[in-house]
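It should be emphasised that the depicted structure is a prediction, and the values quoted were computed from it without experimental measurement. Note: hydrogens, waters and symmetry copies are ignored here, and every other heavy atom, side chains too, is used.
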Amino acid sequence: MVDDVKTNAKTAKTPKGPKLPVIMTANDLLDGEVVFLTRDGWSFDPKDALVAGDAETAGWMEAEGRRAFAENRVVDAYLVEVDVVDGLPRAKHFREAIRQRGPTMLTQFGKQADFPA
């Protein structure tokens, strides 16, 4: 019985990667600015980010990130777990929230100044 549990634990498939919903973020290759994947490409505005609520959309986003990297448009593209608050994606992780909104001090600078919520 113990052997069965160990075997099942090794063969059981567990989902990898972030939990849905997610957005895709990267850095623009030319200026290093944080960008977000939309249905039409990449945007500097976090409010434009496409939110994937299903595995199929998240898979498409990952493929788009790899394609944009191969085309030398972005670097370090990856999915970020979000909550949708008032229709806008909000990163769950502190680091990603700073990347999404900008610096935590001097809020007159960064994305929170350029793209107020």
Point to revise | Contact check, side chains of Asn27 and Val34, non-hydrogen atoms, under 4.5 Å | key: yes
Exercise for review: Taking all non-hydrogen atoms of both residues into account, name the closest pair between Gly65 and Met24 and its distance.
Suggested key: CA-SD, 3.7 Å
Practice item. Might you point out which heavy atoms bring Trp60 and Leu37 nearest each other, and give the distance in Å? Key: CZ3-CD2, 4.0 Å
Check your understanding: Looking at CG of Leu29 and CH2 of Trp42, how far apart are the two atoms once the value is rounded to the nearest 0.5 Å?
Key -> 12.0 Å
Check your understanding: Same cluster for Leu88 and Val51 if Ile/Leu/Val/Met/Phe/Trp/Tyr side chains link at under 4.5 Å?
Key -> no
Check your understanding: Rounded to the nearest 0.5 Å, what separation is found between the CZ atom of Phe69 and the CG atom of Asp76?
Key -> 9.0 Å
Revision key, fill the gap. Minimal heavy-atom distance between Ala26 and Val74, with the atoms involved, is CB-CB, 3.8 Å
Exercise for review: Calculate, to the nearest 0.5 Å, the distance between atoms CD and CD belonging to Glu64 and Glu62 respectively.
Suggested key: 11.5 Å
Study note, to complete from the structure: For Thr38 and Ser43, the nearest pair of non-hydrogen atoms, with its separation, is CG2-CB, 3.7 Å
Check your understanding: So, for Ala91 and Ala97, which heavy atoms are closest and what is the spacing to 0.1 Å?
Key -> CB-N, 3.6 Å
Exercise for review: Of all the heavy-atom pairs spanning Pro89 and Ala49, show the shortest one and how long it is.
Suggested key: CG-CB, 4.3 Å
Review point. For Glu56, does the CD atom sit with more than 12 other heavy atoms under 6.0 Å from it, leaving out its own atoms?
Key: no
Review point. What pairs of residues pass the salt bridge (Lys or Arg N to Asp or Glu O under 4.0 Å) test when at least one of them lies in residues 77-88, not counting sequence neighbours?
Key: Asp83-Lys92
Check your understanding: If Ile, Leu, Val, Met, Phe, Trp and Tyr residues are connected whenever their side-chain heavy atoms lie under 4.5 Å apart, and connections chain through other members, are Val82 and Val35 in the same group?
Key -> no
Check your understanding: So, does Glu96 use its side chain to make a donor-acceptor pair with the main chain of Val80 at under 3.5 Å?
Key -> no
Review point. What distance do Thr57 atom OG1 and Arg39 atom CZ have between them, rounded to the nearest 0.5 Å?
Key: 6.5 Å
Practice item. Could you tell me whether the side chain of Met61 reaches within less than 4.5 Å of the side chain of Leu79, counting heavy atoms only? Key: yes
Check your understanding: Applying the 4.5 Å side-chain criterion to the ILVMFWY set and letting contacts propagate, would Val84 and Leu50 be lumped into a single cluster?
Key -> no
